[in-house]
J.: 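Dropping a structure here in structure tokens format, bear with me for questions.
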Amino acid sequence: MSFNNNFIWGAATAAYQVEGAFNEDGKGLNIFDTFCRIHGNILNDDNGEIACDHYHRFKEDVALMKKIGLKAYRFSISWSRIMPTGTGKVNLSGIKFYNDLIDELLINGIEPFITLYHWDLPLEIDKKGGWRNPEIVRWFAEYAKVVATYFSDRVKNFFTINEPQVIVGMGYQSGGLAPGLKLTDPELFEVMHNLLKAHGAAVAALRIYGKQKLNIGYAPCGCMNMPETNSADDIEAARRSMFEFDDPSFAPNSISWYSDPIIFGHYPEREMQFCEQCMPKITEDDMKLISQPIDFLGHNVYWGMTVSGKTGKVELVKDPGGFKNAPHNWPVTHDCIYWGAKFITERYKTPLIISENGKSCLDTVSADGMVHDDERISYLKGYLSGLKKAVEEGVDVRGYFLWSLLDNFEWAYGYSERFGIIHVDYDTQKRTLKDSAGFYSEVIKTNGENL
């Protein structure tokens, strides 16, 4: 059995990375609008103020999605575009943009998947402490209610939060992304607990105010580790390495610290021994809220480490290979998607959607006017073949979203990294379908039989 006929073949973007129009039509500022203005935070002092100008060009972009044959489009809502201060007043111009986008997608037979939060916290909420303030649980639920009220009559698929690991690890621990803080461990654990409660409160709000039965999940990330050999020891070591850690400072980047509370209703017991001294006060009601039932688990998959268990310990094999192959300095490890999908579904027993997977390449428009990104095609073939193998072995994977639809603002890397299957000339905003768009189009057309 391969991919079923309802398999979701999509592509993904995020609001700040593609929309532009950062201060148009009543939109409020978010933490990246200000973070990007500080010299040295972003490569080349780039920012997302124009980005791909998707706000004005979404019809052209949807037409390209249709040309590729996408079944679904995962995009995020800019919280401050529809609620300029994050709470209270709703900006109807912002609502209109997303309504128009949703309608355009549906007219073209493309299923919308909404992400509530992809890192662009309203600035006014950040001024009140952002994710450090426990009130954010209520504010996020209010925002989810607005989204459900205006969009859930036509949109039934929602992700609450994208990559809590990056929100906390980069935004509040290392300071590499907005809001650029370096908190102590106890402060970080409070941020993580607030974020998980906000997720639960958003799930509850979407259920209450949804205009139809909704499919709700969230989109974490993390290392999808692989065994060095197919020996039982190596497989068990790889599995353990994905979920276990011994140092509280690793919790912000962990998979289990976020997903265990959501799926099981409690923090991972082994890790709690190391982390308990850093934890805020936790109530039974907190855990009930965090573990609101979800319909699927998303996972953003890029790379993994090779792990050995032959000594009886979990040991990372030093060089997973591929670090030199990507401009982003991320390794290319095709097998990680196969093993990751297996390990995640074995542990959580929840349907899985690959919510992001893709590669940055050194893409240029050739003399023939085309973009020949063979390296990306090779990457996608490898990863999608691994995903197909997992599905054939009975792993419950419901969909795959390629990152990304468009070349876009790649956070701290600015415009130096191109992840899109559509090339964007940032001076002219001209779109060019890359060869990888043609390859992915065939994958969709054949439902993965060409892999």
Side-chain angles (χ1 to χ4, degrees), residues 1-3 7-12 68-70 221-230 234-235 238-239 241-242 298-307 316-345 352-363 371-395 397-405 407 417-422 433-451:
M1 188 191 85
S2 192
F3 299 107
F7 193 81
I8 303 152
W9 293 106
I68 294 166
L70 292 185
C221 62
C223 238
M224 296 276 160
N225 292 341
M226 308 154 285
E228 187 178 24
T229 72
N230 278 336
D234 283 358
I235 291 170
R239 181 187 288 108
S241 73
M242 270 182 55
H299 245 280
N300 296 354
V301 178
Y302 289 98
W303 56 281
M305 302 290 274
T306 306
V307 175
L316 295 179
V317 175
K318 290 298 176 226
D319 180 8
F323 276 104
K324 296 184 180 71
N325 292 356
H328 220 312
N329 297 320
W330 291 355
V332 175
T333 51
H334 296 149
D335 286 349
C336 76
I337 201 165
Y338 166 76
W339 288 104
K342 277 173 79 88
F343 293 151
I344 291 285
T345 52
L352 180 66
I353 290 177
I354 304 301
S355 34
E356 285 182 23
N357 169 247
K359 186 180 189 305
S360 169
C361 295
L362 296 170
D363 300 324
V371 180
H372 303 298
D373 56 339
D374 292 347
E375 196 180 337
R376 181 175 290 106
I377 291 171
S378 168
Y379 175 99
L380 293 172
K381 264 185 191 160
Y383 278 76
L384 287 171
S385 297
L387 189 65
K388 184 179 184 180
K389 183 181 170 194
V391 169
E392 284 171 349
E393 290 179 12
V395 177
V397 185
R398 303 283 173 92
Y400 171 90
F401 287 89
L402 193 154
W403 184 270
S404 176
L405 177 73
D407 291 339
E417 302 285 352
R418 291 183 177 270
F419 274 88
I421 52 171
I422 298 172
L433 291 175
K434 301 179 188 179
D435 287 355
S436 58
F439 166 76
Y440 191 43
S441 185
E442 276 304 304
V443 171
I444 298 167
K445 206 179 287 175
T446 65
N447 201 28
E449 291 305 316
N450 68 324
L451 294 166

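Computation of the quantities below employed the complete heavy-atom set of this structure, encompassing side-chain atoms and omitting hydrogens, waters and symmetry-equivalent molecules. Quick caveat: nothing in here was measured; it's all calculated off a predicted structure.
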J.: Between S378 and D374, is there a donor-acceptor pair closer than 3.5 Å when you use the side chain of the first and the backbone of the second?
T.: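 Looks like no, no N/O pair under 3.5 Å.
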
J.: Would you say that V443 contacts L380 through its side chain, given a criterion of any heavy-atom pair below 4.5 Å between the two side chains?
T.: no

J.: If you look at every heavy atom in S436 and I421, which pair is closest and at what distance?
T.: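 In this case the closest contact between S436 and I421 is OG-CG2, 3.3 Å.
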
J.: Just wondering, do M242 and I344 contact through their side chains at under 4.5 Å, heavy atoms?
T.: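 The answer is yes; the side chains approach within 4.5 Å.
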
J.: What closest approach, in Å, do T333 and Y383 show between heavy atoms, and which atom pair accounts for it?
T.: N-OH, 3.0 Å

J.: Where do I235 and W339 land on the side-chain contact (heavy atoms from CB on, under 4.5 Å) test, with the steps shown first?
T.: CA-CA 9 Å; I235 291 170; W339 288 104; 3.8 Å; yes

J.: How close do N357 and V301 get, heavy atom to heavy atom, and via which atoms?
T.: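 Taking every non-hydrogen atom into account, ND2-O, 2.9 Å.
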
J.: Y379 side chain to G358 main-chain N or O, any donor-acceptor pair under 3.5 Å?
T.: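 Yes, the answer is positive, given that a donor and an acceptor are paired below the 3.5 Å cut-off.
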
J.: Is Y302 reaching over with its side chain to a backbone N or O of C223, donor-acceptor style, under 3.5 angstrom?
T.: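 Side chain of Y302 to backbone of C223, a donor-acceptor pair under 3.5 Å: no, none is there.
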
J.: D234 side chain to T229 main-chain N or O, any donor-acceptor pair under 3.5 Å?
T.: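 Confirmed, D234 side chain pairs with T229 backbone.
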
J.: Would you mind reporting whether L387 and Y400 have side-chain heavy atoms less than 4.5 Å apart?
T.: yes

J.: Side-chain contact, heavy-atom cut-off 4.5 Å: N447 with S2?
T.: no

J.: Any sub-3.5 Å donor-acceptor pair from N225's side-chain atoms to G304's backbone N or O?
T.: no

J.: List the residues meeting salt bridge (charged side-chain N to carboxylate O under 4.0 Å, His left out) with K389, not counting sequence neighbours, and say none if there are none.
T.: none

J.: Taking the side chain as every heavy atom from C-beta outward, state whether R376 and D363 have any pair of such atoms under 4.5 Å apart.
T.: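 Touching, per the 4.5 Å side-chain cut-off.
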
J.: Determine whether the aromatic ring centres of F7 and W9 lie less than 6.0 Å apart.
T.: yes

J.: Tell me if a side-chain donor or acceptor on K434 pairs with a main-chain N or O of G420 at a distance below 3.5 Å.
T.: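 Looks like yes, one N/O pair under 3.5 Å.
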
J.: Taking all heavy atoms of V397 and all of A341, pick out the closest pair and write down the distance.
T.: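 Minimum heavy-atom separation between V397 and A341: CG2-CB, 4.4 Å.
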
J.: Do K388 and F3 have side chains that get closer than 4.5 Å, going by heavy atoms?
T.: yes

